[in-house]
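Structure, as structure tokens:
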Amino acid sequence: MENRHVVIIPIEVDEGKESAYLDAWRDAADVMAAQPGFIRTYMFRTIVPGSKFSLVNVAEWESTAHWEEAMNVCPVMGQQIAVAHASNYEAIWTVLVPADASVSFGRTPVTDGDTCEVDGHLVLSRR
């Protein structure tokens, strides 16, 4: 992930407002995807009843500067549907499937010390 900018946003939203929030989020995701430096975004929904954060958004950008610039046009900024707790992260470790693990879901096993490509970046495997 090298110098990518990762934003993780746990979201508090009332059950009755989740659908409206997700509609707004999808519209915002389309706008953000068109911004320079955008890589990808994911929206996760909890499977644990009663969780404080029923939704979690994870977005990757090429740099902090790209993300900061894109926030100037983010259409969900200031909305009153949910409470978002955004924070910014850097990747400090990558774990890959070891060579002796079974291969499933399209994962490719690597041997300790091998390099492989993950999301367009070379990664050194360690056990």
Side-chain angles (χ1 to χ4, degrees):
M1 295 183 99
E2 294 179 5
N3 294 322
R4 291 185 189 174
H5 182 81
V6 179
V7 181
I8 300 176
I9 308 171
I11 301 158
E12 293 180 83
V13 61
D14 294 333
E15 189 174 315
K17 294 182 179 181
E18 183 178 286
S19 180
Y21 181 80
L22 289 173
D23 287 344
W25 180 84
R26 279 189 289 271
D27 291 343
D30 289 342
V31 171
M32 300 305 269
Q35 302 307 305
F38 177 86
I39 297 172
R40 75 181 116 229
T41 190
Y42 303 90
M43 178 61 77
F44 298 93
R45 178 185 287 129
T46 186
I47 58 173
V48 178
S51 292
K52 180 176 182 174
F53 305 114
S54 58
L55 301 170
V56 176
N57 177 219
V58 177
E60 292 179 61
W61 292 83
E62 289 179 12
S63 71
T64 302
H66 284 108
W67 179 76
E68 289 172 349
E69 186 63 31
M71 292 311 296
N72 292 324
V73 298
C74 182
V76 294
M77 292 299 293
Q79 55 79 24
Q80 299 298 312
I81 302 171
V83 178
H85 302 271
S87 195
N88 306 303
Y89 296 84
E90 65 179 343
I92 60 171
W93 199 258
T94 300
V95 177
L96 301 173
V97 179
D100 55 359
S102 63
V103 178
S104 61
F105 303 106
R107 292 184 280 177
T108 304
V110 294
T111 304
D112 188 31
D114 281 357
T115 56
C116 64
E117 189 171 312
V118 176
D119 291 334
H121 298 278
L122 287 179
V123 177
L124 176 64
S125 167
R126 297 201 190 281
R127 289 189 195 209

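Numbering starts at 1 and runs along the sequence shown.
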Residues V73 and V31: closest non-hydrogen pair is O-CG1, 3.9 Å
Validation row: E69, W61 side chains within 4.5 angstrom (heavy atoms): no
Could you check whether any side-chain heavy atom of W67 comes within less than 4.5 Å of a side-chain heavy atom of Q35, counting everything from C-beta outward? no
Nearest-0.5 Å distance, NE2 of residue H5 to CD of residue E60: 11.0 Å
Is there a chain of hydrophobic side chains (I, L, V, M, F, W, Y, each step under 4.5 Å between heavy atoms) that links I39 to M43? no
Not counting sequence neighbours, which residues clear side-chain contact (heavy atoms from CB on, under 4.5 Å) with [X]? List them please.
X	answer
E18	V13, L22, R45, S54, L55
T41	W25, A29, F38, N57, A59
E12	K52, F53, V83, H85

What residues form a salt bridge (charged side-chain N to carboxylate O under 4.0 Å, His left out) with D14, not counting sequence neighbours? none
Going by the rule side-chain hydrogen bond (donor to acceptor under 3.5 Å, both in side chains), which residues pair with S51 if we only count those two or more places apart in sequence or in a different chain? T46
